[in-house]
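Notes follow the structure.
Predicted model only: the values in this text are computed from it and were never measured.
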Amino acid sequence: MYFTASSRRSFVGFLVAFLLCGLGHIVLYGVPFTFCFSQLFCGSFTLLWALSIQKRVTDNRIRRLLLGVAFFLMLYYTLQIARYRLLSPDAPAFHYCWYAYYVPMLMVPLLAFYLSLFIHRPPEARLPRISHLALLITAVLFAGLFTNDRYHLFFRFRTEYPDDAAIASRGPFFYLYFAFFISLLLTAFFIILRKMRLSGYGRYRYIPVIPPVLEGIYLLLNLLRLQPAIHGIPIWQMGETFGFFMLAFLESCLQLGMIPVNQDYEKFFALMESAAVIRDQSGTAIYRTAGAAAGFPPPGTETILQAHPIRGGSLAWSVDLAHLSRLNAELAEASQQMGTRNAYLQKENEIQKEKAEFTLRNRLYDEVRTAVSPQLSRISAFLQKDPSPPDLQAALPAIAVTGAYIKRRSNMELMGESGSLPVEELFTALAESLQYLELAGVKTVLSPFGNGEYDASLVKTAYEDFGRLVEAALPALTGLVLAVRAEEARLTLRYLLTAPGMTVTALFPEETAGLRQLSYETDGPDTHLVFSYPAEPAEASKGGASS
């Protein structure tokens, strides 16, 4: 197996610490180098295991708990040496060492309990609230332990110096302590073994059962005073076996994969198809992937070589750009297709817009043709008779008036597409028609007043009524005075026509009778008419012009 420089430094550091520990025994206490060798050995083993945990375990929560277990085990061995080997019962420090000895004994199963809860638990998931009860019980037990001199909840001593032989009686907290100690251990073992059974590890899932079973057997033999011994000297002590079997149980969980570790990475690295090599500081290849077994492919347009320094060496790998080139080509093709499709959609939208405009124009033209169809028919019928020049000369004024009406009425149809028309459009249409009437010898006066917008059908009806009156009055019409008032809720047109023999009855169809209120009177050749068009204008304000 290849050892990195970091591994070699750790091994040398452990060896130096072990030697210094032995020399300290001789210099400080005057005891042999091998004094308390079992605690030294277990403590050294625990230290090495803790160093491996620091590097192997990837889950921060579990790693901290495992390091806590190692720390309290080493504290347990240290206090054990101080209690039984280094301090005399009458030393002041022995009094505190007696009680402190029980702290790591309980902290190890407590951390093991929380470790069992964190295994297979997502990082964002919290522990059950009931699990915090263990911390509360531990705090209460420690409080009772360190106040034992006053309340005697753990022990009562015959002498002022605490000692195993000086114990007169044990209090309720002593039994509660060991009941809680055993409960934590059993609960942690049960949870871990249950999670291992549910996850499924084949026949190896029973390996973690071995250390607790052996510890239970040894505990039973120790209670029966049948523990293995040679010449009356026990081979193993209770504290050392507890620490060793606890580490063995946790290590079995690591080896089976219940706790995430970064081991066997070299096997995964060797199975990779990408070409990569890990080299040491001298440039010697230590690990190769399957893709680099035959060496790196030569660099070119489709392959580049890269390297990155790592601790103790470097990592080199090749990057295949063929896939990237293919993706770029596919992306360019997709972009071209999208551009073509966008151009097609834009052209289609333009066609749809033109089609909508064409449909709108056709509809407007049809509405215009329907609105002025009677006037066009009369002009067409007159021209088809092939009139003589005198008749045509006499009819031209009437034809001009009709043409002006057709023009202005068509313009209203186009402008009224939005549903409303300004009253100024009616003023302009009436003024133009009156100009053509003057060419026919009719005296005309127009007096407009007001402004604003009205419903398009109302304005068109007012102009159509004007056209019917003029058409009925010609050619006898000699004078026309027209006053138009655009008020807030009414449009009023007052006519004074001089046309002998004019008849108003039946000029206006019944289907438009609801749009107007008509009153008229006749006085000889003069006819006075008032057209009132009730409406709600879109906008009306006072003001006016006259001509």
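Using the six-membered ring where Trp is involved, F244 and F45 have ring planes that are tilted, between 30° and 60° apart. Ring-plane geometry between F154 and F173 is classed as perpendicular, the angle between the planes exceeding 60 degrees on a 0 to 90 degree scale with a lower cut at 30.
Under a 3.5 Å cut-off, the side chain of Y102 and the backbone N or O of Y177 do not form any donor-acceptor pair. Put simply, the side chain of D455 never gets that close to the backbone of S420: no donor and acceptor are under 3.5 Å apart. Using a distance-only test at 3.5 Å, with no hydrogens or angles considered, a donor-acceptor pair links the side chain of K195 to the main chain of I119. Without hydrogens or angle criteria, S252 side chain to I207 main chain gives no donor-acceptor distance under 3.5 Å. Judged by distance alone, the side chain of R288 and the main-chain N or O of A292 form a donor-acceptor pair under 3.5 Å.
Nearest heavy atoms, L153 versus G144: CD1-CA, 4.2 Å. Across R121 and R61, no two heavy atoms sit closer than the pair O-NH2, 2.9 Å. Summarising the geometry of T138 relative to M107, their closest heavy-atom pair is CG2-SD, 4.5 Å, with the distance given to 0.1 Å. When all heavy atoms of A112 and V69 are compared, the closest pair comes out as N-CG2, 4.5 Å. Across all non-hydrogen atoms, the minimal contact from G283 to R279 is O-CD, 3.2 Å. For I192 against M258, the heavy-atom pair with the smallest separation is O-CE, 3.6 Å.
Considering only heavy atoms from C-beta on, L135 comes within 4.5 Å of L110 through its side chain. Residues P208 and L193 are in side-chain contact: their nearest non-hydrogen atoms beyond the backbone lie under 4.5 Å apart. Within the 4.5 Å cutoff, the side chain of L220 has no heavy atoms near those of the L226 side chain. Residues Y96 and L79 fail the side-chain proximity criterion, which asks for heavy atoms closer than 4.5 Å. The side-chain heavy atoms of F245 and P212, taken from C-beta on, include no pair separated by under 4.5 Å. Between E453 and L421 the shortest side-chain heavy-atom distance does not fall below 4.5 Å. Side-chain contact between C253 and I259: present, with at least one pair of heavy atoms (C-beta onward) separated by less than 4.5 Å.
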Identify every side-chain donor-acceptor pair in residues 333-340 under 3.5 Å, counting partners at least two apart or on other chains, and give the distances.
from	atom 1	to	atom 2	distance (Å)
S335	OG	L331	O	2.9
T340	OG1	Q336	O	3.0

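Applying the side chain to side chain contact (heavy atoms under 4.5 Å, CB included) test between R63 and each of D59, L67, L66, L65 identifies L67 as the sole match. Each of L145, L111, L141, I137 was checked for a side chain to side chain contact (heavy atoms under 4.5 Å, CB included) with L106, and the lone residue meeting it is L141.
Atom CG in L186 sits 6.5 Å away from atom CD1 in I182 (nearest 0.5 Å). In this structure, CE in M272 is found 14.5 Å from OH in Y287, a value given to the nearest 0.5 Å. D280 CG to I310 CD1: the interatomic distance, rounded to the nearest 0.5 Å, is 10.0 Å. We find the OG1-CZ distance between T187 and F180 to be 9.0 Å, quoted to the nearest 0.5 Å. Between atom CZ of residue F113 and atom OG of residue S131 there is a gap of 5.5 Å, rounded to the nearest 0.5 Å. Residue N349 holds its CG atom at 10.0 Å from NZ of K353, rounded to the nearest 0.5 Å.
With sequence neighbours excluded, no residue forms a side-chain hydrogen bond (donor to acceptor under 3.5 Å, both in side chains) with Y114.
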Please lay out, stage by stage, how W49 and L250 fare under the test side chain to side chain contact (heavy atoms under 4.5 Å, CB included). CA-CA 11 Å; W49 185 78; L250 296 177; 4.0 Å; yes
Mind running side chain to side chain contact (heavy atoms under 4.5 Å, CB included) on S274 and T289 for me, showing each step along the way? CA-CA 7 Å; S274 302; T289 63; 5.5 Å; no
Go through the steps for Q255 and V261 under the test side chain to side chain contact (heavy atoms under 4.5 Å, CB included), then give the verdict. CA-CA 9 Å; Q255 295 298 324; V261 293; over 6 Å; no
Go through the steps to decide whether N148 and Y99 satisfy the test side chain to side chain contact (heavy atoms under 4.5 Å, CB included), and finish with yes or no. CA-CA 9 Å; N148 185 72; Y99 296 124; 3.1 Å; yes
Please determine whether ring pair (Phe, Tyr, Trp, His ring centres under 6.0 Å) holds for the pair F181 and F242, giving the CA-CA distance in whole Å, both sets of side-chain angles, and the decisive distance to 0.1 Å. CA-CA 12 Å; F181 176 89; F242 170 72; 5.7 Å; yes
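Listed by first and then second residue, the ring pair (Phe, Tyr, Trp, His ring centres under 6.0 Å) pairs involving residues 53-77 are Y76-Y101 (not counting sequence neighbours).
The local environment of CZ in F178 is crowded, with over 12 non-hydrogen atoms from other residues, nucleotides or ligands closer than 6.0 Å. Residue I130 places its CD1 atom among 12 or fewer non-hydrogen atoms of other residues, nucleotides or ligands, all under 6.0 Å distant.
A salt bridge links R56 with E251: at least one charged nitrogen is closer than 4.0 Å to a carboxylate oxygen.
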